[in-house]
Chemist: 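Please find one structure pasted underneath; my questions will follow.
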Amino acid sequence: MIQDPPISDIPQAEPNQSAAEHFYSGALDRIRRCMAVLAPLLVAAAWWKFGPRPAAGFAFGCLIAYVNFHWLKRVITGFADRATGAATSESGQGIVFRFLLRYVLMALGAYVILTVSPASLNGLLAGLFLPVAAIACEAVYELYAALARGI
């Protein structure tokens with residue numbers, strides 16, 4: 001008969017480690033929420049500083065960036081599920097198609113903005129950097145959490 005090892009021989013997870021894993025596992029959701037908060041604030045600032053056309057381009061760029069971030073998260077999850085053999089209802093071709101569709105839609109949006117209002121193109125390109133601002137906010141928050149709470 002095989003006996004279980006004594007409790008003292010089983011490696012135990014540190015409480016801080018599980019708290020840190022829980023904290024860092026929520027980073028993508030915090031980045032997504034930060035994008036949703038930053039976008040209207042930055043669009044209002046662009047409207048005030050540059051006028052309505054560049055602000056409209058910026059808003060469209062923010063929308064594309066948000067949808068792109070969401071789709072990228074889904075594509076990466078799909079690739080990871082396929083690589084690990086997890087049960088998934090999506091085919092590999094569907095995942096790749098969605099991955100490439102993101103770039104086609106961004107190019108189409110840029111073309112429409114360029115033909116309708118060339119002044120909005122700079123706003124559109126600036127709006128595509130919304131995830132960068134959200135990731136910077138997340139980095140500052142994680143630094144604060146690491147220093148203040150010891151996570």
Chemist: What pairs with Ala133 under side chain to side chain contact (heavy atoms under 4.5 Å, CB included), at least two apart in sequence or on another chain?
Modeler: Leu38
Chemist: For residues 103-113, which residue pairs qualify under side-chain hydrogen bond (donor to acceptor under 3.5 Å, both in side chains), counting only residues two or more places apart or in two chains?
Modeler: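 Qualifying pairs: none.
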Chemist: Test of understanding: with salt bridge (charged side-chain N to carboxylate O under 4.0 Å, His left out), list the residues that count as partners of Arg33, not counting sequence neighbours.
Modeler: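 If we apply the salt bridge (charged side-chain N to carboxylate O under 4.0 Å, His left out) test to Arg33, skipping adjacent residues, there are no hits.
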Chemist: Mind checking side chain to side chain contact (heavy atoms under 4.5 Å, CB included) for Leu100 and listing every partner two or more places apart, or none if nothing turns up?
Modeler: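 Here the qualifying residues are Val96.
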Chemist: Which residue pairs satisfy the salt bridge (Lys or Arg N to Asp or Glu O under 4.0 Å) criterion with at least one member in residues 120-138, sequence neighbours excluded?
Modeler: Arg30-Glu138
Chemist: Name each donor-acceptor pair under 3.5 Å that joins a side chain in residues 55-73 to protein atoms two or more places apart or in another chain, with its distance.
Modeler:
from, atom 1, to, atom 2, distance (Å)
Asn68, OD1, Arg102, NE, 2.3
Asn68, OD1, Arg102, NH2, 2.9

Chemist: Among residues at least two apart in sequence or on other chains, which ones pass side chain to side chain donor-acceptor pair (under 3.5 Å) with Tyr144?
Modeler: none
Chemist: Would a hydrophobic clustering, with Ile, Leu, Val, Met, Phe, Trp and Tyr connected at side-chain separations under 4.5 Å, put Leu28 with Tyr141?
Modeler: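 Result: no, two separate clusters.
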Chemist: For Leu125, which residues count as a side chain to side chain contact (heavy atoms under 4.5 Å, CB included) partner, sequence neighbours excluded?
Modeler: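 Checked Leu125 against side chain to side chain contact (heavy atoms under 4.5 Å, CB included); matches are Leu121, Leu128.
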Chemist: By the side-chain hydrogen bond (donor to acceptor under 3.5 Å, both in side chains) test, which pairs, at least two apart or in different chains, include something from residues 37-60?
Modeler: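 Listed once each, the pairs are Arg53-Ser117.
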Chemist: Who else is in the cluster with Val140 when I, L, V, M, F, W and Y are joined by side-chain contacts under 4.5 Å?
Modeler: none
Chemist: Rounded to the nearest 0.5 Å, what separates atom CD1 in Ile31 from atom CG in Leu130?
Modeler: 11.0 Å
Chemist: Looking at residues at least two apart in the chain, or sitting in another chain, which of them share a side chain to side chain donor-acceptor pair (under 3.5 Å) with Arg32?
Modeler: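 Here no residue qualifies.
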Chemist: For Asn122, check side chain to side chain contact (heavy atoms under 4.5 Å, CB included) against everything at least two apart and list the hits.
Modeler: none
